[in-house]
Amino acid sequence: MVAIVTGGAGGMGRDTALLFAREGASVVVGDVDIDGGASLLAEIAAAGGKAVFQRTDVAVEADVAALVAKAEQSYGKLDTIFNNAGIEQPVTASDEISEELFERVIDINLKGTFFGCKHAIPALLRNGGGTIVNNSSVSAFANVGGNLSYAASKGGIMSMTRVIAIEYAARNIRCNAINPGVIDTGMNQRNKAKAADPDAMEQKWRSITPLGRMGTGTEIGEAVLFLASAQSSFVTGIGLVIDGGRIAT
Ligand SMILES: NC(=O)c1ccc[n+]([C@@H]2O[C@H](COP(=O)([O-])OP(=O)(O)OC[C@H]3O[C@@H](n4cnc5c(N)ncnc54)[C@H](O)[C@@H]3O)[C@@H](O)[C@H]2O)c1
């Protein structure tokens with residue numbers, strides 16, 4: 001399997017890239033973090049896996065087109081793309097969000113996912129089909145508070161996922177999303193550090209999660225692997241909630 005992971009140099013993207021490589025996939029990592037990409041490649045190579053890195057800002061269409069081209073040039077085809085790159089919105093009252101902040105979050109999270117889908121689809125069609133996994137969030141379904149642009153971007157990703165799933169179903173492309181709850185990554189380390197009371201913030205995350213803890217990037221990677229592979233061959237157009245029970249409450 002040839003797999004693109006955007007935002008693969010850190011957080012759950014990194015854990016997913018490691019898992020894909022461990023399972024024998026050839027991984028194409030796109031990220032703005034060049035140092036993180038280099039250290040990931042070293043770790044994958046040391047474990048006997050295959051990966052290449054391409055500096056990619058998912059908000060820049062030419063970068064995303066080049067990332068897809070890199071996959072086909074390096075490994076001859078594309079089987080799957082995990083559109084994972086995303087940023088948080090600092091907690092802000094909705095009537096105080098600047099246009100600049102709103103546009104930045106939408107550009108990376110929503111437009112970046114659109115570019116990933118748009119440019120992967122022709123490569124997947126050349127391959128006779130394949131899979132797309134988009135990283136949405138429980139924020140698409142449940143109010144988190146203080147993150148309007150983030151929630152809007154993640155809701156948009158869910159809608160886009162369904163559109164693509166239906167439009168390309170007959171051409172053997174499946175498109176699904178994941179909806180993580182609170183996962184222990186750099187993003188949430190930053191969210192915690194910015195909170196007035198960081199310990200209270202972590203305690204809140206645990207208390208809203210019936211399983212009583214934050215999820216791990218590897219737990220997300222396992223779900224992405226399922227949706228990317230033939231094990232999920234009859235699954236398309238869904239959002240797979242991976243949240244320790246949070247939105248069931
Ligand atoms: N952490 C959570 O609790 C959580 C929950 C739900 C959804 N998500 C989503 O999961 C995805 C990954 O989040 P994470 O928690 O691993 O974050 P993270 O900040 O730990 O890692 C994100 C990675 O994306 C990269 N990135 C950022 N902007 C980029 C850009 N413009 N182009 C390319 N790469 C870029 C970063 O360099 C980093 O390597 C995001 O889409 C996020 O919204 C996270």
Side-chain angles (χ1 to χ4, degrees), residues 4-19 28-41 53-67 70 81-90 103-116 119 133-142 144 147 149-158 160-161 177-194 201-202 204-206 208-209 211 213-221 223-224 239-244 246-247:
I4 291 177
V5 180
T6 70
M12 63 184 85
R14 187 178 204 280
D15 290 324
T16 302
L18 284 167
L19 199 61
V28 181
V29 179
D31 203 296
V32 287
D33 179 0
I34 295 172
D35 292 344
S39 94
L40 172 65
L41 253 54
F53 176 79
Q54 168 102 356
R55 197 256 171 213
T56 308
D57 180 345
V58 295
V60 177
E61 183 164 16
D63 280 15
V64 179
L67 182 66
K70 176 90 172 178
I81 183 166
F82 178 32
N83 289 309
N84 164 71
I87 58 167
E88 66 274 29
Q89 182 212 285
E103 285 184 348
R104 176 100 189 114
V105 173
I106 295 294
D107 272 3
I108 294 176
N109 295 7
L110 185 58
K111 208 166 76 175
T113 301
F114 160 59
F115 289 153
H119 289 281
V133 184
N134 294 326
N135 203 336
S136 177
S137 166
V138 290
S139 302
F141 305 128
V144 176
N147 72 344
S149 66
Y150 184 84
S153 72
K154 297 303 184 176
I157 288 172
M158 276 314 306
M160 209 153 61
T161 297
I178 56 165
N179 303 92
V182 186
I183 311 302
D184 193 4
T185 65
M187 179 179 285
N188 276 329
Q189 295 305 334
R190 288 191 299 274
N191 285 333
K192 189 178 153 183
K194 279 183 210 143
M201 170 68 92
E202 185 165 344
K204 182 187 158 202
W205 288 338
R206 289 178 195 280
I208 59 173
T209 306
L211 289 183
R213 62 176 176 85
M214 297 162 86
T216 68
T218 303
E219 288 174 313
I220 299 301
V224 176
L240 178 56
V241 176
I242 313 158
D243 71 343
R246 178 172 171 190
I247 68 166

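First listed ligand is number 1; within each ligand, the first listed atom is number 1. As a basis for the values below, the full set of heavy atoms in this structure was taken, side chains included, without hydrogen atoms, waters or symmetry mates. Sequential numbering from 1 along the given sequence is applied to the chain's residues. If you're wondering where the values come from, they're calculated on a predicted model, not measured in any experiment.
Distances below 4.0 Å separate heavy atoms of Asp57 from the following atoms of ligand 1: 30 (C), 31 (N), 32 (N). Residue Ala9 has at least one heavy-atom neighbour below 4.0 Å for each of these atoms of ligand 1: 39 (O). With ligand atoms numbered from 1 in the order given, ligand 1 contributes 21 (O), 39 (O) to contacts under 4.0 Å with heavy atoms of Gly10. Listed by number with element, the atoms of ligand 1 under 4.0 Å from a non-hydrogen atom of Ala85 are 33 (C), 34 (N), 35 (C), 41 (O). Within ligand 1, counting atoms from 1 as listed, the ones closer than 4.0 Å to a heavy atom of Gly86 are 40 (C), 41 (O). Each of the atoms 31 (N) of ligand 1 lies under 4.0 Å from some heavy atom of Ile108. Distances below 4.0 Å separate heavy atoms of Gly7 from the following atoms of ligand 1: 23 (C), 24 (O), 25 (C), 34 (N), 39 (O). With ligand atoms numbered from 1 in the order given, ligand 1 contributes 20 (O) to contacts under 4.0 Å with heavy atoms of Gly186.
Nearest protein heavy-atom neighbour of atom 29 (C) of ligand 1: Val32 CG2, 3.9 Å. Nearest to atom 18 (P) of ligand 1 among the protein's heavy atoms is Met187 N, 3.8 Å. Among all non-hydrogen protein atoms, the one lying nearest atom 28 (N) of ligand 1 is Ile87 CG2, 3.9 Å. Closest to atom 36 (C) of ligand 1 among all protein heavy atoms lies Asp31 OD1, 3.5 Å. The protein heavy-atom contact nearest to atom 43 (O) of ligand 1 is Tyr150 OH, 2.6 Å. Protein heavy atom in closest approach to atom 41 (O) of ligand 1: Asn84 O, 2.7 Å. The protein atom (non-hydrogen) at minimum distance from atom 32 (N) of ligand 1 is Val58 N, 3.0 Å. Ranking protein heavy atoms by distance to atom 1 (N) of ligand 1, first place goes to Thr185 OG1, 3.1 Å.
Looking at Val32, Leu67, Ile108, Asp107 one by one, the single match for side chain to side chain contact (heavy atoms under 4.5 Å, CB included) with Val58 turns out to be Ile108. Checking each of Thr185, Asn135, Val241 against Pro180 for a side chain to side chain contact (heavy atoms under 4.5 Å, CB included) leaves exactly one that passes, namely Asn135.
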Exercise. Would Ser137 and Asn179 satisfy side chain to side chain contact (heavy atoms under 4.5 Å, CB included), going step by step from the backbone distance to the final call?
Worked result: CA-CA 4 Å; Ser137 166; Asn179 303 92; 5.6 Å; no

For this session: Report the C-alpha distance between Asn147 and Glu88 in whole Å, list the side-chain angles of each, state the deciding distance to 0.1 Å, and finish with yes or no for side chain to side chain contact (heavy atoms under 4.5 Å, CB included).
Result: CA-CA 8 Å; Asn147 72 344; Glu88 66 274 29; over 6 Å; no

Exercise. Could you walk me through whether Arg55 and Asp33 pass the salt bridge (charged side-chain N to carboxylate O under 4.0 Å, His left out) check?
Worked result: CA-CA 7 Å; Arg55 197 256 171 213; Asp33 179 0; over 6 Å; no

Problem set entry | Audit row: Glu103, Lys111, salt bridge (charged side-chain N to carboxylate O under 4.0 Å, His left out) steps and yes/no | CA-CA 10 Å; Glu103 285 184 348; Lys111 208 166 76 175; over 6 Å; no

Exercise. When you look at Asn83 and Val133, which way does the side chain to side chain contact (heavy atoms under 4.5 Å, CB included) test go after all the steps?
Worked result: CA-CA 6 Å; Asn83 289 309; Val133 184; over 6 Å; no

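For the pair Val182 and ligand 1, the shortest N or O to N or O distance does not fall below 3.5 Å. Checking only distances, Asp33 never comes within under 3.5 Å of ligand 1, N or O to N or O. At under 3.5 Å, a nitrogen or oxygen of Arg190, whether backbone or side chain, sits near a nitrogen or oxygen of ligand 1. Taking only nitrogen or oxygen atoms, main chain and side chain alike, Met12 reaches within less than 3.5 Å of ligand 1. Note: no N/O pair closer than 3.5 Å links Pro180 and ligand 1 by distance alone. No N or O atom of Ser136 sits closer than 3.5 Å to an N or O atom of ligand 1.
The proximity of Ile183 to ligand 1, defined as any non-hydrogen pair under 4.0 Å, involves the side chain as well as the backbone. Only the backbone of Thr56 comes within contact range of ligand 1, with a heavy atom under 4.0 Å; no side-chain atom does. Of the heavy atoms in Lys154, only side-chain atoms (C-beta onward) come closer than 4.0 Å to ligand 1.
A side-chain N or O of Thr161 and one of Asn134 form a donor-acceptor pair less than 3.5 Å apart. Inspection of the Asp31 and Gln54 side chains reveals no N or O donor paired with an N or O acceptor under 3.5 Å.
Looking at Ile242, Asn188, Asn134, Thr113, it is Asn188 that brings a heavy atom closest to atom 3 (O) of ligand 1.
Residue contacts with ligand 1 leave out Gly8, since none of its heavy atoms falls under 4.0 Å from the ligand. At least one heavy atom of Asn135 sits less than 4.0 Å from an atom of ligand 1. The shortest heavy-atom distance from Gly181 to ligand 1 is under 4.0 Å.
Heavy atoms from other residues, nucleotides or ligands lying under 6.0 Å from NZ of Lys194 number more than 12.
In this structure, Ser136 OG and Asn84 CG are separated by 12.0 Å, a value rounded to the nearest 0.5 Å.
Shown here for Ile87 and Arg104, the closest heavy-atom pair between the two residues is CD1-CG, 3.8 Å.
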